[in-house]
Amino acid sequence: MSVDDRQDEGPGLHRASPTGPRIVPPRQEPPPPMPPRPQPSRRANAVFSHGVFRPSVWSVVIFVLLLSGVGIRAYRDLSQPSTWDYWRETYVSASMTATVVPNADIDGSGRGRRALAISGRIGTASTSWFRDQLDKARLSAGDAVLLSSGGGALNQAALMGEIIRKRGLVTAVGTAGPSGQVRPASCASACVLVFAGGKTRYGIHGSMLGVHRFTYSTPIDDPVAEAQRIQGMVLGYMTDMGVSSTIVEAMSQTSDIRWLTPKEALAINLVTTPVNPH
């Protein structure tokens, strides 16, 4: 067959060879139709538009209400004076100071021991501060804590005393110079609870221990019930530390500081080891 003959054949036929029969090409199936694209719901359209998150009105209202509730609660908590005091003492300036004394001669024997001398007002964050200072000082059982304080937060003082007892430290009221010689000082109010934490409590000649009735720094709905609660707490704490319960009677007698005589402090076992002048 000539080239012209092949061109005259219809468009739907072709030959397998120049001399073979005409062959119908295989039938091609049309491609399956594409599934319809899902249309976003109205809810989705309310949240996303062109890939940008657009919250609905109700979600904004709920978020604002939740945020307002948290903000009001946080404001009430932060508006308390104790909260600001705790923040200031923790992150700005502690209410107490500490000095490590490498060789403090507490009992006048000439055998010094490592001591941590702390002074100042016992604040709302003094427990954590005191624990950190003890860790830095690396005191061991039998080492000493020297106290010089007019008192402060009652609950913090009790916690500090418990730390002293747990670590097996001794206590004394006094300060120490570079040579290690201990000088007299005073410890009053809540400071007495810290002093009571020592299993051995030295009575330095000339040092003073003062007690009084504890007061409240914030308004109390039921002062009588709160006074009974505090008295019970102090009684339980002092009893656990080995101090006579009569110390609570001495505290309740006056709202002013009552300075205990050396005989009184020894009689109620607040001082366990008096140190005579040498």
Side-chain angles (χ1 to χ4, degrees), residues 81-82 85-86 88-89 94-98 116-130 133 144-165 169-175 183-198 201-204 206-220 223-224 226-272:
S82 59
D85 290 342
Y86 183 87
R88 184 182 65 254
E89 292 181 20
S95 61
M96 305 193 78
T97 58
L116 180 69
I118 62 174
S119 61
R121 181 181 176 277
I122 301 171
T124 56
S126 290
T127 298
S128 58
W129 171 87
F130 180 58
Q133 296 302 317
V145 175
L146 299 178
L147 298 165
S148 176
S149 171
L154 182 66
N155 61 334
Q156 295 291 299
L159 292 173
M160 292 168 68
E162 291 176 353
I163 293 173
I164 290 173
R165 179 60 59 91
L169 304 174
V170 306
T171 55
V173 178
T175 60
R183 298 185 294 266
S186 61
C187 172
S189 187
C191 176
V192 175
L193 275 70
V194 183
F195 175 76
R201 301 179 285 272
Y202 290 96
I204 305 298
S207 291
M208 303 176 67
L209 288 162
V211 297
H212 70 102
R213 186 187 309 121
F214 289 100
T215 57
Y216 322 109
S217 58
T218 57
I220 302 297
V224 176
E226 184 65 14
Q228 292 176 347
R229 184 192 69 82
I230 292 177
Q231 185 174 1
M233 186 275 286
V234 173
L235 177 61
Y237 173 82
M238 288 298 189
T239 302
D240 291 342
M241 296 302 171
V243 181
S244 173
S245 61
T246 55
I247 190 174
V248 178
E249 298 178 8
M251 291 177 175
S252 61
Q253 290 177 359
T254 176
S255 58
D256 298 325
I257 299 293
R258 178 190 171 190
W259 299 105
L260 302 175
T261 66
K263 288 184 178 181
E264 287 176 325
L266 189 62
I268 63 178
N269 207 37
L270 181 60
V271 169
T272 62

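Only a predicted model underlies this, so the values are computations on that prediction, with no experimental measurement involved. Position 1 is the first residue of the sequence; numbering continues from there.
When the side chain to side chain donor-acceptor pair (under 3.5 Å) test is applied to Thr254, no partner is found at least two apart in sequence or on another chain. In this structure, Ser245 has no side chain to side chain donor-acceptor pair (under 3.5 Å) partners at least two apart in sequence or on a different chain. The side chain to side chain donor-acceptor pair (under 3.5 Å) test applied to Ser255 returns no partner, not counting sequence neighbours. Arg258 pairs by the salt bridge (charged side-chain N to carboxylate O under 4.0 Å, His left out) definition with Glu264, not counting sequence neighbours. Here Met251 pairs with Leu193, Val211, Phe214, Val234, Met238, Ile247 under the side-chain contact (heavy atoms from CB on, under 4.5 Å) rule; sequence neighbours left out. A search for side chain to side chain donor-acceptor pair (under 3.5 Å) contacts involving Thr272 returns nothing, not counting sequence neighbours.
Remark: the backbone N or O of Arg121 is paired with a side-chain donor or acceptor of Ser95 at under 3.5 angstrom. Between the side chain of Arg213 and the backbone N or O of Ser252 there is at least one donor-acceptor pair closer than 3.5 Å. The closest donor-acceptor contact from the side chain of Ser244 to the backbone of Asn269 lies at 3.5 Å or more, if one exists at all. Side chain of Ser207 to main chain of Val173: a donor-acceptor pair is present (N/O by atom type, distance under 3.5 Å, no hydrogens or angles).
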Q: Could you go through the side chain to side chain contact (heavy atoms under 4.5 Å, CB included) check for Gln133 and Leu116 one step at a time?
A: CA-CA 8 Å; Gln133 296 302 317; Leu116 180 69; 3.9 Å; yes
Q. Does the pair Ile122 and Met96 meet the rule for a side chain to side chain contact (heavy atoms under 4.5 Å, CB included), with working shown?
A. CA-CA 7 Å; Ile122 301 171; Met96 305 193 78; 4.1 Å; yes
Q) What's the verdict on side chain to side chain contact (heavy atoms under 4.5 Å, CB included) for Ile118 and Val145, showing C-alpha distance, side-chain angles and the deciding distance? A) CA-CA 7 Å; Ile118 62 174; Val145 175; 4.2 Å; yes
**Q.** side chain to side chain contact (heavy atoms under 4.5 Å, CB included) evaluation trace for Tyr237 with Val243
**A.** CA-CA 9 Å; Tyr237 173 82; Val243 181; over 6 Å; no
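Rounded to the nearest 0.5 Å, atoms CG (Leu266) and CG (Leu260) are 11.5 Å apart. Atoms CD and CZ, on Glu226 and Arg229 in that order, are 4.0 Å from each other to the nearest 0.5 Å. Separating the CG atom in Leu235 from the CG atom in Asp240 is a distance of 9.5 Å, to the nearest 0.5 Å.
Side-chain contact check for Tyr202 versus Val170: some heavy-atom pair is nearer than 4.5 Å.
Taking each heavy atom of Leu270 and Phe195 in turn, the nearest pair found is O-CE2, 3.2 Å. Summarising the geometry of His212 relative to Ser189, their closest heavy-atom pair is NE2-OG, 2.7 Å, with the distance given to 0.1 Å. Across all non-hydrogen atoms, the minimal contact from Gly210 to Ile257 is CA-CG2, 3.8 Å. Taking each heavy atom of Ile204 and Ala172 in turn, the nearest pair found is CG1-CB, 4.1 Å.
No side-chain N or O of Ser148 forms a donor-acceptor pair with one of Thr175 less than 3.5 Å apart.
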Show me, pair by pair, the donor-acceptor contacts under 3.5 angstrom made by side chains of residues 154-164, not counting sequence neighbours?
{"unit_1": "Gln156", "atom_1": "OE1", "unit_2": "Ser126", "atom_2": "N", "d": "3.3"}
{"unit_1": "Gln156", "atom_1": "OE1", "unit_2": "Thr127", "atom_2": "N", "d": "3.0"}
{"unit_1": "Gln156", "atom_1": "OE1", "unit_2": "Thr127", "atom_2": "OG1", "d": "2.8"}

